[in-house]
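First up is the structure itself, then whatever we jot down about it.
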Amino acid sequence: MPTGGQKLSQIEARSEAGEARPTAKIENIVATVSLDQQLDLRLIERSILTVEYNPEQFPGLVYRLDEPKVTALIFKSGKMVVTGAKSTKDLIEAVKKIVRNLKKHGIPIYGRPKVQIQNIVASANLNVCVDLERAALTLENSMYEPEQFPGLIHRMDEPRVVLLIFSSGKMVITGAKREEEVYEAVNKIYEKLKKLRAIRPC
Amino acid sequence: RLRRLQAKLRATTSIEKNIEQAAREITRLIEALNLPRSVIDTAMMIYRQAAEKGLVRGRSLESMAAAAVYAACRIRGIPRSIDDIAELVKGGRKEVARCYRLIVRELRLRMPIVDPVRYVSRITSALRLSPAVEKRAAEILIRARKMGLTAGKDPAGLAAAAIYIAALELGERRTQKEIAAAAGVTEVTVRNRYKELVQKLNITLPAQ
DNA sequence: AACTTACTTTCGAAAGC
DNA sequence: GCTTTAAAAAGTAAGTT
């Protein structure tokens with residue numbers, strides 16, 4: 001078990017004994033932001049030429065920021081969805097930049113934006129291969145349909161996340177609301193696969 | 001209390017009528033796919049359980065019936081892809097797949113993992129290959145699975161590659177194009193699987 | 001045959017059809 | 001349910017060169 005509080009991404013892939021250790025990386029954070037005010041999307045569309053806005057197709061206005069590289073969907077209710085951030089810091093920085101930019105272009109913003117993380121997507125590597133057939137037969141709440149998708153889909157109860165596990169030992173974790181849940185899920189699935197003897201050397 | 005009884009009776013009648021109609025649809029699909037009659041019983045049992053759990057509400061009967069047939073084929077080890085079945089209904093592959101996942105999850109069905117060996121005879125017979133090729137292809141697939149080469153790969157592609165190799169070994173060569181068409185995968189997939197099997201199983205093909 | 005691009009699966013929120 | 005966004009995993013597909 002890794003040292004408490006330390007992020008898996010900072011932990012070495014292998015201990016001195018040579019035992020494989022999982023590594024994880026946050027790939028995408030999806031968050032909602034509330035500005036608590038109505039917005040005139042047509043005004044934003046006229047002021048900022050780089051946005052996309054097709055209300056017939058989708059009610060949100062698409063705003064892309066280069067640094068941090070995120071995409072925001074802005075709605076007339078003053079709520080938005082920000083996707084693409086690789087860290088909480090990037091997310092906060094991006095929201096500040098977007099609000100600052102709107103103001104700079106003459107769109108008045110009154111209150112402080114309220115940010116809520118809705119989903120965290122991460123990739124991880126157990127650094128050992130997984131016997132998917134064995135895992136599929138012994139792991140609860142899992143689905144493995146190689147005709148349709150090469151990964152085993154596992155719905156974990158606690159933390160409540162979904163994992164896409166591949167035979168290479170690499171995986172995708174999604175549905176997490178806190179970064180800690182990602183590391184918790186990776187450690188938990190690693191221990192469980194070991195217990196089920198569904199781990200094999202690569 | 002009479003009202004409740006009537007409502008319950010009405011609901012039961014409604015479900016029974018739905019199941020009757022589904023039985024006709026399931027029979028149609030099974031005949032169109034040339035599946036053994038025994039699959040009907042399994043598919044009907046699955047559909048009935050799904051209907052009784054209320055999984056049919058708001059979903060097309062056609063797609064749910066197709067999903068039940070696909071699940072029945074899986075349980076009975078009959079090699080039919082979800083596309084083979086989905087192309088016979090208007091909902092499309094995506095909806096049939098969604099219904100199938102719903103059925104498996106809600107009824108907590110333990111689906112056996114698709115065995116590529118099951119696809120072999122279907123492909124070899126379409127190409128008029130000998131039983132010897134069939135037997136050899138199965139051996140290759142069993143060895144491949146033991147070595148962990150089949151995880152995550154499309155069983156049809158694996159079967160196609162094993163047959164390609166077995167046919168070459170036994171002097172009954174078929175082109176990758178012919179085999180790919182019979183298996184319902186692309187030539188690129190047959191080639192990729194074939195290369196990996198030959199390399200990792202140390203298979204030596206006859207010269208030329 | 002290589003490359004490129006693109007689609008399969010998973011997740012969540014937004015507003016409206 | 002759908003529409004739109006982003007991102008990863010590994011396999012398969014399709015179009016070019």
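It should be emphasised that the depicted structure is a prediction, and the values quoted were computed from it without experimental measurement. Chain identifiers are assigned alphabetically (A, B, ...) following the order of the sequence lines, protein sequences preceding nucleic acid strands; residue numbering begins at 1 within each chain.
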> Which stems, defined as runs of 3 or more consecutive Watson-Crick or G-U wobble pairs with both pairing distances under 3.5 Å, involve DNA chain D?
Replying inline: C:1-8 with D:10-17, C:13-17 with D:1-5
Expressed in angstrom and rounded to an integer, what is the separation of [X] atom [atom1] from [N] atom [atom2]?
X        : N      : atom1 : atom2 : result
A:Leu164 : C:dT8  : CG    : P     : 15 Å
A:Glu56  : C:dC17 : CD    : C1'   : 12 Å
A:Gln148 : D:dA10 : CD    : P     : 19 Å
A:Arg160 : C:dT10 : CZ    : P     : 15 Å
B:Tyr194 : C:dA1  : OH    : P     : 8 Å
A:Glu27  : D:dA9  : CD    : C1'   : 9 Å
A:Lys86  : D:dA6  : NZ    : C1'   : 9 Å
B:Glu187 : C:dA1  : CD    : P     : 10 Å

Of the options [options], whose atoms approach the side-chain atoms of [X] most closely?
X        : options               : value
A:Lys170 : C:dA13, D:dA9, C:dA14 : D:dA9
A:Lys76  : C:dA15, D:dT5, C:dT10 : C:dA15
A:Pro150 : D:dA8, D:dG11, C:dA14 : D:dG11
A:Gln57  : D:dT4, C:dA13, D:dA9  : D:dT4
A:Phe149 : D:dA6, C:dT8, D:dT5   : C:dT8
A:Thr174 : C:dC11, C:dT8, D:dT12 : C:dC11
A:Phe166 : D:dT5, C:dG12, D:dA9  : D:dA9
A:Val81  : D:dA7, C:dC11, D:dT5  : D:dT5

>> One pair to check against salt bridge (Lys or Arg N to Asp or Glu O under 4.0 Å): B:Glu16 and B:Arg48. What are the steps and the verdict?
In response: CA-CA 9 Å; B:Glu16 288 308 318; B:Arg48 167 164 251 116; 2.9 Å; yes
Distance, [atom1] atom - from [M] to [N], rounded to whole angstrom:
N      : M      : atom1 : value
C:dT10 : D:dG11 : C1'   : 16 Å
D:dC2  : C:dT8  : P     : 12 Å
C:dC3  : D:dA7  : P     : 24 Å
D:dA13 : C:dT9  : P     : 15 Å
D:dA9  : C:dA2  : C1'   : 23 Å

Short N-O contact, [X] and [Y], less than 4.0 angstrom:
X        : Y        : answer
B:Glu20  : B:Lys17  : no
A:Glu145 : B:Arg74  : yes
A:Glu45  : A:Arg42  : yes
A:Glu181 : A:Lys188 : no
B:Arg93  : B:Asp84  : no
B:Glu95  : B:Arg59  : no

> side-chain contact (heavy atoms from CB on, under 4.5 Å) with A:Arg197: which residues, sequence neighbours excluded?
Replying inline: A:Arg134
Is the shortest side-chain N/O distance from [X] to OP1 or OP2 of [N] below 4.0 Å?
X        : N      : answer
B:Thr186 : D:dA14 : no
B:Arg93  : C:dT9  : yes
A:Lys177 : C:dC11 : no
B:Arg59  : D:dG1  : no

Would you mind classifying the nucleic acid contact of [X] as base, sugar-phosphate or nothing, using non-hydrogen atoms under 4.0 angstrom?
X        : answer
A:Val162 : sugar-phosphate
B:Arg98  : sugar-phosphate
B:Arg193 : sugar-phosphate
B:Val185 : sugar-phosphate
A:Gly60  : nothing
A:Ser167 : nothing

>> Both A:Pro59 and B:Gly184 contact DNA chain D. Which one's nearest nucleotide lies toward the 5' end?
In response: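 It is A:Pro59 whose nearest nucleotide is closer to the 5' end.
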> If you find the nucleotide of DNA chain D closest to A:Glu52 and the one closest to A:Pro146, which residue's nucleotide is nearer the 5' end?
Replying inline: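 Nearest-nucleotide comparison on DNA chain D picks A:Glu52.
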>> Judged by each residue's nearest nucleotide on DNA chain C, which is more toward the 5′ side, A:Ser77 or B:Lys195?
In response: B:Lys195
> Could you walk me through whether A:Lys195 and A:Glu191 pass the salt bridge (Lys or Arg N to Asp or Glu O under 4.0 Å) check?
Replying inline: CA-CA 6 Å; A:Lys195 195 163 295 172; A:Glu191 293 306 321; over 6 Å; no
> Rounded to the nearest 0.5 Å, how far does CG of B:Leu168 lie from CD of B:Gln176?
Replying inline: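 With rounding to 0.5 Å, CD (B:Gln176) is 8.5 Å from CG (B:Leu168).
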